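Notes to accompany the following structure.
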Number of protein chains: 2
Amino acid sequence: MEKDSIYFGVKEIARRANVSIATVDRVIHNRTGVSEKTKKKINEIIKELDYQPNILASRLASKNIIILAVLIPRVSEETDFWEAPLRGVQRAELEIKQYGIQTIPFFFDLSDKETFVQQASLILEKGVHGVMLSPSFIEESRRFTEECQKMKLPYVFIDSNIPEQRSLSYIGPHLFKSGYVGAKLLTYRLKSRNKILVVNISKEIENYNYLQIEEGFRSYFKDNQMDNTIVRIDIKETDYLSVARHMTSVFHDHQDIEAIFVTNSRVFTVASFLQNSKKKNISLIGYDFIKENLQYLNNNVIDFLICHKPEEQAYRAVMALYQKLVIGSSVEKIQYMPIDIITKENHEFYQK
Amino acid sequence: MEKDSIYFGVKEIARRANVSIATVDRVIHNRTGVSEKTKKKINEIIKELDYQPNILASRLASKNIIILAVLIPRVSEETDFWEAPLRGVQRAELEIKQYGIQTIPFFFDLSDKETFVQQASLILEKGVHGVMLSPSFIEESRRFTEECQKMKLPYVFIDSNIPEQRSLSYIGPHLFKSGYVGAKLLTYRLKSRNKILVVNISKEIENYNYLQIEEGFRSYFKDNQMDNTIVRIDIKETDYLSVARHMTSVFHDHQDIEAIFVTNSRVFTVASFLQNSKKKNISLIGYDFIKENLQYLNNNVIDFLICHKPEEQAYRAVMALYQKLVIGSSVEKIQYMPIDIITKENHEFYQK
DNA sequence: CTGAAAGCGCTTACAG
DNA sequence: CTGAAAGCGCTTACAG
């Protein structure tokens with residue numbers, strides 16, 4: 001710590017450069033109104049002393065409040081998945097609000113693109129300093145982040161990525177590898193060469209996240225020279241009855257399905273179907289630590305859940321924006337989350 | 001944030017109490033030299049205003065440096081496990097050194113109790129403000145923490161616990177449940193009712209951590225009505241040759257061992273034995289994300305590693321002491337770490 | 001037992 | 001383009 005030890009602050013820099021500390025401050029923050037000559041001199045001294053600004057003092061003195069927008073899906077009756085990121089945001093805010101950071105949540109409806117567009121434009125009107133978003137709707141997200149770029153707003157993606165965009169960071173899973181892990185777990189105790197079913201339950205047909213997961217899943221079989229037949233269905237209604245109808249039909253066509261992989265958190269509907277139709281000895285793996293899934297994990301219908309720490313994703317996203325906006329330090333462009341394996345036996349200790 | 005908004009600080013409290021801010025400060029920090037009457041009055045106003053001290057300002061103004069001692073095993077040639085906690089300490093220190101926190105590491109030798117005792121008394125001489133330790137030697141740790149109590153030093157255990165002590169917190173695994181998870185993974189694809197081997201490799205005979213793990217391991221079999229014979233060996237030399245000798249003898253006595261569970265990070269020596277002796281189709285599970293284990297995970301000799309985020313444990317331990325000493329807030333007495341499951345497929349994303 | 005004043009390292013108007 | 005001064009919310013000697 002500075003304190004007693006020899007610490008060089010703005011005062012010392014000012015003394016050595018023969019200027020006032022106000023001028024030093026201007027240079028440190030790249031403000032206008034300093035001659036090239038003194039600017040150069042000061043920067044040299046800063047480098048020489050390896051000056052580290054005292055963030056405490058900086059934030060204490062500054063009146064400047066930084067506002068971060070958070071654009072995520074509203075928690076629906078269908079799933080409480082998005083509760084976790086919201087908690088992550090709140091945890092981050094609690095930690096850094098002393099530094100003058102505030103967050104404002106904006107919620108959209110996952111079954112209505114228009115709400116995403118509306119909330120996004122609200123954010124732009126509001127005049128925030130940074131944005132964290134889940135790019136659930138690809139085209140709409142692309143358009144929104146283009147606006148952010150024009151306004152020089154840094155933005156961070158969580159949960160899924162749009163790689164071609166100039167985001168400050170992506171914080172979320174490596175979907176391909178996540179599917180790969182799913183395949184490992186599913187096949188780990190496979191006894192036969194029977195069929196395997198991949199189930200995709202989503203209203204968003206074009207959502208390519210699930211495709212990446214599936215690609216990873218299939219790659220595992222290829223890499224390990226396993227030639228199981230992989231059956232695949234898309235279910236575009238997310239309610240139980242639709243899922244049950246599709247599942248019944250699949251089981252009718254394919255008697256010898258031994259294992260099922262569901263590419264998202266809706267695995268509980270498939271679990272429910274298996275339980276209701278008294279199908280036993282079918283391995284089932286899916287995604288996300290949500291309470292709907294937990295009961296089926298506990299009664300052994302779901303074997304494993306894969307999870308990517310949604311709360312932590314949001315926490316880190318807020319911290320990344322804080323790093324960038326307050327500290328001015330650089331941020332890792334891609335932060336892959338761990339691919340966590342949750343079972344009946346370890347879930348009580350899981351930290352989302 | 002305070003800033004523009006209506007924020008009540010020491011100044012406002014002082015104004016309302018008709019005293020100076022110095023007196024308010026004395027009350028806030030429970031310093032002596034304030035009459036009961038004014039003390040009471042000030043405390044009432046503090047409560048009424050729900051006063052939250054500004055930590056930034058507090059630490060900036062204070063000259064008081066807080067020193068935390070870290071007592072952990074030295075990294076040996078045998079295992080780099082303790083590198084991770086050290087990194088966790090450094091990460092925490094980097095984050096809070098602006099607040100005037102410093103850490104000092106003290107290393108002991110896992111194969112020499114005396115070094116633990118020496119380092120522990122060095123800490124007491126040094127006059128630190130808090131201690132984080134791995135209580136690797138139970139009796140010695142007990143004696144040391146009793147001294148800490150006398151000196152009113154808060155201390156936090158990581159990695160393993162001594163439950164009867166008055167620690168500020170324990171941050172580490174639930175060992176029983178961890179063994180339970182190990183059994184789940186080991187039996188998940190068990191084909192037969194063949195024998196299962198539990199291997200204990202440690203110089204510390206009386207270390208009861210391994211006993212807790214083993215107890216959890218065995219409970220899984222009981223809870224699931226599995227009657228596999230569980231063979232158990234203790235190996236008290238940790239070098240490869242000793243392990244190989246014991247393993248050879250066990251395999252001689254028990255031909256039909258199908259799966260092996262090693263209760264700590266030395267699973268790599270067993271893996272090495274299996275590989276060298278060309279034994280295939282034996283499931284192997286052990287502990288900890290260390291580089292010695294990683295190669296055997298990658299070439300499929302080790303099926304799963306269980307891990308408890310050693311870096312995070314240390315990070316949190318330092319933060320817990322910081323919370324207690326600087327913020328004055330309370331700390332959770334037991335913080336169980338997640339029981340992470342590491343495979344060949346997900347280890348690249350693991351965050352220790 | 002209590003208060004006035006200086007200071008922590010920085011930022012922010014304001015004046016020139 | 002530059003500087004003197006006030007101030008952020010708290011702590012710390014020092015004086016009484």
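Being a predicted model, the structure only gives us computed values, none of them experimental. Naming convention: chains lettered A, B, ... in sequence-line order (proteins, then strands); numbering from 1 in each chain.
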For the pair made of [atom1] in [X] and [atom2] in [N], what is the distance, rounded to whole Å?
X       : N      : atom1 : atom2 : result
A/Arg31 : C/dA13 : CZ    : C1'   : 12 Å
B/Arg15 : D/dG9  : CZ    : P     : 15 Å
A/Asn18 : D/dG3  : CG    : C1'   : 13 Å
A/Tyr99 : C/dC10 : OH    : C1'   : 14 Å
B/Ile46 : D/dC10 : CD1   : P     : 10 Å
B/Glu12 : D/dC10 : CD    : C1'   : 16 Å
B/Leu60 : D/dC10 : CG    : C1'   : 8 Å
B/Phe8  : D/dC8  : CZ    : C1'   : 17 Å

Give a yes/no verdict on a cation-pi contact between B/Arg59 and B/Tyr99, requiring under 6.0 Å between NZ or CZ and the six-membered ring centre and an angle within 45° of the axis.
no

[X] has a side chain; which of [options] sits nearest to it?
X       : options                : answer
A/Asn54 : C/dC10, D/dT2, C/dC1   : C/dC10
B/Thr23 : C/dT2, D/dC1, D/dC8    : C/dT2
A/Tyr51 : C/dG7, C/dC10, C/dT12  : C/dC10
A/Ala22 : D/dG9, D/dA4, D/dG7    : D/dA4
A/Arg26 : C/dC10, C/dC14, C/dT12 : C/dC14
A/Pro53 : D/dA13, D/dT2, C/dC10  : C/dC10

Could you check B/Lys11 against B/Ile21 and say which one's nearest nucleotide on DNA chain D is further toward the 5' end?
B/Lys11

If each of A/Ala57 and A/Val34 is mapped to the nucleotide of DNA chain D with the nearest heavy atom, which maps nearer the 5' terminus, i.e. the 5' end?
A/Val34

According to a strict under-4.0 Å criterion, is B/Ser20 in side-chain N/O contact with OP1 or OP2 of C/dG3?
yes

So, is A/Ser62 near the phosphate of D/dC8, with a side-chain N or O under 4.0 Å from OP1 or OP2?
no

Can a side-chain donor-acceptor contact be found between A/Glu12 and A/Tyr51 if the only test is distance below 3.5 angstrom?
no

Is [X] touching bases, backbone alone, or none of the nucleic acid, heavy atoms closer than 4.0 Å?
X       : value
A/Gly9  : sugar-phosphate
B/Ile28 : nothing
A/Thr38 : sugar-phosphate

Tell me if the aromatic rings of B/Phe106 and B/Phe108 count as close, with their centers under 6.0 Å from one another.
no

Just so I know, are the side chains of B/Lys126 and B/Ile67 near enough to count as touching, which here means a heavy-atom distance under 4.5 Å?
no

Paired with B/Glu312, the side-chain hydrogen bond (donor to acceptor under 3.5 Å, both in side chains) test is passed by just one of B/Lys352, B/Gln351, B/Arg91, namely B/Arg91

Using Watson-Crick and G-U wobble pairs with both distances under 3.5 Å, what is the 5'-to-3' dot-bracket string of DNA chain D, with [ ] for crossing pairs and | for pairs outside the strand?
|||.||||||||.|||

Checking only heavy atoms, does the side chain of A/Arg59 share a donor-acceptor pair with the base of D/dG9 at less than 3.5 Å?
no

Side chain of A/Thr145, backbone of A/Ser141: donor and acceptor closer than 3.5 Å?
yes

Once the angle between the rings of A/Phe349 and B/Tyr336 is folded into 0 to 90°, is it parallel (under 30°), tilted (30 to 60°) or perpendicular (over 60°)?
perpendicular

Judged by each residue's nearest nucleotide on DNA chain C, which is more toward the 5′ side, B/Glu36 or A/His29?
B/Glu36

Evaluate B/Ile72 against B/Phe107 for side chain to side chain contact (heavy atoms under 4.5 Å, CB included), listing each step before the verdict.
CA-CA 5 Å; B/Ile72 56 176; B/Phe107 301 110; 4.0 Å; yes

